[in-house]
2 protein chains.
Amino acid sequence: MTTAKAAPPGQPLDPLIHEASRLVIVSVLAECDIADFNFLLDTTGLTRGNLSTHMARLVAAGYVQETKEFVDRKPHTDYRLSAAGRAAYKRYREAWRRLTSHS
Amino acid sequence: MTTAKAAPPGQPLDPLIHEASRLVIVSVLAECDIADFNFLLDTTGLTRGNLSTHMARLVAAGYVQETKEFVDRKPHTDYRLSAAGRAAYKRYREAWRRLTSHS
DNA sequence: GCCTTAAAGTTTGTATCACAAACTAGTTTA
DNA sequence: TAAACTAGTTTGTGATACAAACTTTAAGGC
């Protein structure tokens, strides 16, 4: 029979969002609505390689929408939270608050 | 063994506390003041091995105080947050809120 | 044309680390 | 004596965060 334990069944904190670098990225996107690669580079302080892979993961998860285009004949990438990403971020923050709410 | 360093300032979210399992542990300790191994096992849902290593890291960092004794001829371990752990947890929560507080 | 530098990302190698399985040490039960 | 239980610890491994190296395209000398 199933235990009545209140222990979280899965991951209480969505690891995709909880990871520190991505949490910064997502919270910036939540503020900015739209942001390009260089802006995120600047605000997060990550290296290009690091930012690139984190964005790829967020995109693969469907949390972030990516638009690639050429501006002044140079590549330019914009990112924005998807509806799913926004919802996941909301859930994450609620879960975190629940977890750390005592005092 | 690597020297256990605690909370280098400049690091936005103290990784020692931010990691999901340890965040649960620390927040439980913040509530309970004192907790033994089995209680943490129960409340966190971690395996023994996992809990053991996480506690070792928190102790090594000076965030948690460990008291080992024999109760009924059996080993028994109690944990509590140190002053440093309490302070680090406070800093962590403030940093998190700052990070995720978008207007 | 040819070299150098720069911008904008991507790919790759490595070091860390979370996780559970296996193990240790001692105790109780049969 | 042996099997089973309690209370943890150690070990092997798979995942992954990170920065260095690489790719690609463009612009600026010479």
Side-chain angles (χ1 to χ4, degrees), chain A residues 7-26 29 34-61 63-80 99, chain B residues 1-8 10-26 29 34-61 63-80:
Chain A
Q11 292 276 17
L13 295 171
D14 184 344
L16 219 85
I17 292 185
H18 185 62
E19 195 280 323
S21 300
R22 286 192 297 267
L23 180 56
V24 173
I25 293 168
V26 169
L29 286 179
I34 190 161
D36 65 18
F37 191 89
N38 281 325
F39 178 77
L40 288 175
L41 249 194
D42 220 42
T43 52
T44 63
L46 295 172
T47 62
R48 292 172 196 281
N50 221 336
L51 179 58
S52 178
T53 48
H54 282 307
M55 295 320 293
R57 297 200 63 181
L58 290 170
V59 168
Y63 286 179
V64 166
Q65 281 158 0
E66 184 183 56
T67 30
K68 285 180 176 295
E69 56 182 346
F70 278 82
V71 174
D72 287 337
R73 329 205 61 210
K74 285 179 288 189
H76 186 260
T77 311
D78 275 326
Y79 300 101
R80 63 188 341 160
L99 227 137
Chain B
M1 173 172 294
T2 56
T3 52
K5 242 189 335 185
Q11 192 95 347
L13 294 170
D14 184 345
L16 220 84
I17 291 184
H18 186 62
E19 194 280 323
S21 299
R22 286 192 297 267
L23 180 56
V24 173
I25 293 169
V26 169
L29 286 179
I34 189 160
D36 64 19
F37 191 89
N38 281 325
F39 179 77
L40 288 175
L41 206 57
D42 218 44
T43 53
T44 62
L46 296 171
T47 60
R48 291 172 197 282
N50 221 336
L51 180 57
S52 178
T53 49
H54 281 308
M55 295 319 294
R57 296 201 62 179
L58 291 170
V59 168
Y63 285 179
V64 165
Q65 281 158 0
E66 183 182 57
T67 32
K68 285 179 176 296
E69 57 183 343
F70 278 83
V71 174
D72 287 336
R73 327 204 59 209
K74 286 180 288 189
H76 186 261
T77 311
D78 276 325
Y79 299 101
R80 62 188 343 159

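Convention: sequence-line order gives letters A, B, ...; per-chain numbering from 1. Keep in mind it's a predicted model, so treat the numbers as computed, not measured.
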Which donor-acceptor pairs under 3.5 Å do side chains of residues 15-22 of chain A form with protein atoms, sequence neighbours excluded?
unit_1, atom_1, unit_2, atom_2, d
His18(A), ND1, Tyr92(A), OH, 2.8
His18(A), NE2, His18(B), O, 2.4
His18(A), NE2, His18(B), NE2, 3.4
Glu19(A), OE1, Ser21(A), N, 3.1
Glu19(A), OE1, Arg22(A), N, 3.1
Glu19(A), OE2, Ser21(A), N, 3.4
Arg22(A), NE, Leu16(A), O, 2.6
Arg22(A), NH1, His54(A), ND1, 3.1
Arg22(A), NH2, Pro15(A), O, 3.4

**Request:** Taking side chain to side chain contact (heavy atoms under 4.5 Å, CB included) as the test, write out the residues that go with Thr47(B), two or more places apart.
**Result:** Asn50(B)
**Asked** With sequence neighbours left out, what residues match Thr44(A) under side chain to side chain contact (heavy atoms under 4.5 Å, CB included)?
**Response** Val24(A), Ile25(A), Leu46(A)
**Request:** List in numerical order all residues of residues 34-42 of chain A for which some heavy atom is under 4.0 Å away from an atom belonging to DNA chain D.
**Result:** none
**Message:** Expected output is a numbered-order residue list: members of residues 16-23 of chain A with a heavy atom under 4.0 Å from any atom of DNA chain D. What is it?
**Reply:** Glu19(A), Ser21(A), Arg22(A)
**Message:** Is any side-chain heavy atom of Tyr63(B) closer than 4.5 Å to one of Leu29(B)?
**Reply:** no
**Request:** Please list, chain by chain and in numerical order, all residues satisfying salt bridge (charged side-chain N to carboxylate O under 4.0 Å, His left out) with Arg48(B), sequence neighbours excluded.
**Result:** none
**Item:** By salt bridge (charged side-chain N to carboxylate O under 4.0 Å, His left out) - contacts of Arg57(A) (at least two apart)
**Value:** none
**Complete:** Atom NE2 of His76(B) and atom C1' of dT27(C) are separated, to the nearest Å, by 16 Å
**Request:** Find the distance Arg48(A):CZ to dA7(C):C1' and express it as a whole number of Å.
**Result:** 7 Å
**Request:** Ignoring backbone atoms, establish whether Lys68(A) has a side-chain N or O less than 4.0 Å from OP1 or OP2 of dT10(C).
**Result:** yes
**Asked** Counting only non-hydrogen atoms, which of residues 49-60 of chain A are less than 4.0 Å from DNA chain C?
**Response** Gly49(A), Ser52(A), Thr53(A)
**Distance in Å, Leu40(B) CG paired with Ser52(B) OG, rounded so as to fall on 0.5 Å steps** = 11.5 Å
Interface polar pairs with nucleotides 23-29 of chain D, N/O, under 3.5 angstrom:
none

Show which side-chain atoms of residues 70-79 of chain A pair as donor or acceptor with protein atoms under 3.5 Å away, not counting sequence neighbours.
unit_1, atom_1, unit_2, atom_2, d
His76(A), NE2, Asp36(A), OD2, 3.1
Thr77(A), OG1, Lys68(A), NZ, 3.2

